[in-house]
Visitor: 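Sharing a structure here in structure tokens format.
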Amino acid sequence: RREMLTVGSLFSGAGIADLGLEWAGFDHKWFCEIDPAGQDRLALRYPGPAIYKDVRDLDGKAIEPVDILTGGFPCQDISGAGNRAGIYGDRSSLFFDGLRVVRILRPRFVLLETVARLVVSGLGAVLGALASVGYDAEWGVYSSAEAGAPMLRERCFILAYPNGERQSQPQGGERDERRRTLYGGEALANSGTIRWGEVEPDLRTRQLDAVGRSQDVADANLQRSQEF
């Protein structure tokens with residue numbers, strides 16, 4: 001019998017991103033969303049779980065522990081359409097308030113999502129911050145077109161877990177070789193945690209090159225990011 005994993009959701013919006021976890025059979029225990037319209041929508045769709053209003057006021061010691069902590073932290077300072085202040089901008093820096101909750105709750109998994117431009121505007125800072133509270137992380141940039149939608153809409157997803165708890169899948173087979181070709185590394189080929197999208201190699205190469213050029217990826221994080 002499959003284990004039922006519990007979920008806490010930060011920056012929940014109207015709960016659209018949480019639908020995937022719900023469809024996967026996971027059990028939401030609470031949400032956190034500052035927008036009243038989003039709160040109303042969450043209360044309508046999820047009448048049971050608690051809905052907290054502001055991540056800055058969220059007391060990690062007073063909320064229910066969960067297996068998965070997820071959140072699409074604000075992208076306004078990272079997006080090319082925004083002010084480009086980066087991860088330390090007024091809105092996108094709310095990521096660090098979410099990190100405070102991670103540090104206290106110590107969930108088994110942390111799933112983050114934001115715009116693809118994070119890879120050149122703060123990915124190193126995010127990975128380093130996760131590492132500072134004891135979490136390793138894997139990341140990838142995905143387009144909604146990879147799931148069949150008629151648009152690109154690229155997003156960066158980060159999956160983090162406590163140091164040393166990463167589970168590898170058996171090697172071998174066509175899919176494993178495909179992953180080696182796309183990403184060029186044993187570390188990714190061994191990863192069984194994230195289902196990497198099947199896309200053209202030149203697209204992934206351009207994305208990885210962008211990370212290598214980023215001034216935000218500090219020396220300590222650059223080696224980690226190149227593994228993926």
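For reference, positions follow the sequence shown, starting with 1.
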Visitor: Any chance CG of Asp54 has more than 12 other-residue heavy atoms, nucleotides or ligands included, within less than 6.0 Å?
Guide: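 Atom CG in Asp54 is crowded, with more than 12 foreign heavy atoms closer than 6.0 Å.
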Visitor: Quiz question: by atom type and distance under 3.5 Å, do the side chains of Asp18 and Ser9 form a donor-acceptor pair?
Guide: yes
Visitor: Would a hydrophobic clustering, with Ile, Leu, Val, Met, Phe, Trp and Tyr connected at side-chain separations under 4.5 Å, put Ile34 with Phe11?
Guide: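 Not linked; separate clusters.
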Visitor: So with a 6.0 Å cut-off around CZ of Arg56, is the heavy-atom count from everything else above 12?
Guide: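 Incorrect, the count does not exceed 12.
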Visitor: For the CG atom of Asp27 and the OH atom of Tyr46, what is their distance to the nearest 0.5 Å?
Guide: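 Separation between the atoms: 10.5 Å.
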Visitor: Is a side-chain donor or acceptor of Asp77 paired with a backbone partner of Ile87 at a separation under 3.5 angstrom?
Guide: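 A pair under 3.5 Å: no.
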Visitor: Which heavy atom of Pro49 sits nearest to which heavy atom of His28, and what is that distance?
Guide: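 Looking at all heavy atoms of both residues, the closest pair is CG-O, 3.4 Å.
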Visitor: Report yes or no: does Arg155 contribute a side-chain atom to a donor-acceptor pair with the main-chain N or O of Val115 at less than 3.5 Å?
Guide: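 No, because the side chain of Arg155 does not come within donor-acceptor range (under 3.5 Å) of the backbone of Val115.
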Visitor: Give a yes or no on whether Arg100 atom CZ has more than 12 heavy-atom contacts from other residues, nucleotides or ligands under 6.0 Å away.
Guide: yes
Visitor: Test side chain to side chain contact (heavy atoms under 4.5 Å, CB included) on Ile63 and Leu58; report intermediate values, then the result.
Guide: CA-CA 8 Å; Ile63 58 179; Leu58 196 58; 3.9 Å; yes
Visitor: Identify the two heavy atoms, one from Tyr135 and one from Asn163, that lie closest to each other, and give their separation to 0.1 Å.
Guide: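 Residues Tyr135 and Asn163, closest heavy atoms: C-ND2, 3.3 Å.
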Visitor: Show the nearest heavy-atom pair for residues Thr114 and Cys75, with the distance to one decimal.
Guide: OG1-CB, 3.4 Å
Visitor: Hey, quick one: are Leu112 and Leu105 part of the same hydrophobic cluster, counting side-chain heavy atoms closer than 4.5 Å, chains of contacts allowed?
Guide: yes
Visitor: Measure the spacing between CD1 of Ile68 and CZ of Phe109 and express it to the nearest 0.5 Å.
Guide: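 If we round to the nearest 0.5 Å, Ile68:CD1 and Phe109:CZ are 7.0 Å apart.
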Visitor: Is a donor on one side and an acceptor on the other found under 3.5 Å between the side chain of Ser12 and the backbone of Phe31?
Guide: no
Visitor: Nearest heavy-atom pair of Leu10 and Gly98: which atoms, and what distance?
Guide: CD1-CA, 3.7 Å
Visitor: Nearest heavy-atom pair of Ser92 and Pro74: which atoms, and what distance?
Guide: OG-O, 2.8 Å
Visitor: Do Leu111 and Ile16 land in one hydrophobic cluster if side-chain heavy atoms of ILVMFWY residues count as linked below 4.5 Å?
Guide: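 Looking at the clustering, Ile16 is in a separate group from Leu111.
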Visitor: In terms of hydrophobic clusters joined by side-chain contacts under 4.5 Å, are Val133 and Val55 together?
Guide: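 Yes; Val55 is reachable from Val133 via cluster members.
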Visitor: Taking the six-membered ring for Trp, is the centroid-to-centroid distance between Tyr88 and Phe96 below 6.0 Å?
Guide: yes
Visitor: In Å and rounded to the nearest 0.5 Å, what is the CH2 to CG distance from Trp139 to Leu118?
Guide: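 Output value for this atom pair is 9.0 Å.
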Visitor: Can Arg45 and Glu22 be counted as an ion pair, charged N to O under 4.0 angstrom?
Guide: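 Counted as a salt bridge, because a side-chain N and a carboxylate O are separated by less than 4.0 Å.
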Visitor: Would Leu44 end up clustered with Trp30 when hydrophobic side chains under 4.5 Å apart are linked, directly or stepwise?
Guide: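 No, Leu44 and Trp30 fall in different hydrophobic clusters.
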Visitor: Answer yes or no: is there a donor N or O on one side and an acceptor on the other, between the side chain of Thr6 and the main chain of Lys29, under 3.5 Å?
Guide: no
Visitor: Check whether any side-chain N or O of Gln39 sits under 3.5 Å from a backbone N or O of Ile51 as a donor-acceptor pair, and report yes or no.
Guide: no
Visitor: Does Gly89 offer a backbone N or O that forms a donor-acceptor pair with the side chain of Ser93 under 3.5 Å?
Guide: yes
Visitor: Roughly how far, to the nearest 0.5 Å, is the CD atom of Glu154 from the OH atom of Tyr142?
Guide: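 So the gap between those two atoms works out to 12.0 Å.
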Visitor: Supply the atom-to-atom distance Arg108 CZ to Tyr161 OH, rounded to the nearest 0.5 angstrom.
Guide: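 Arg108 atom CZ to Tyr161 atom OH measures 14.0 Å (nearest 0.5 Å).
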Visitor: Should the pair Phe73 and Phe95 be assigned to parallel (<30°), tilted (30 to 60°) or perpendicular (>60°) ring geometry?
Guide: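 The arrangement is tilted - the two ring planes meet at 30° to 60°.
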Visitor: Less than 4.5 Å apart, side chain to side chain, heavy atoms only: is that true for Leu130 and Ile158?
Guide: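 A side-chain contact under 4.5 Å exists here.
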Visitor: Using every non-hydrogen atom in the two residues, find where Glu33 and Gly13 come nearest and quote the distance to one decimal.
Guide: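 So the minimum-distance heavy-atom pair works out to OE1-N, 2.6 Å.
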Visitor: Enter the distance from Arg117:CZ to Leu123:CG here, rounded to the nearest 0.5 Å.
Guide: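 If we round to the nearest 0.5 Å, Arg117:CZ and Leu123:CG are 13.0 Å apart.
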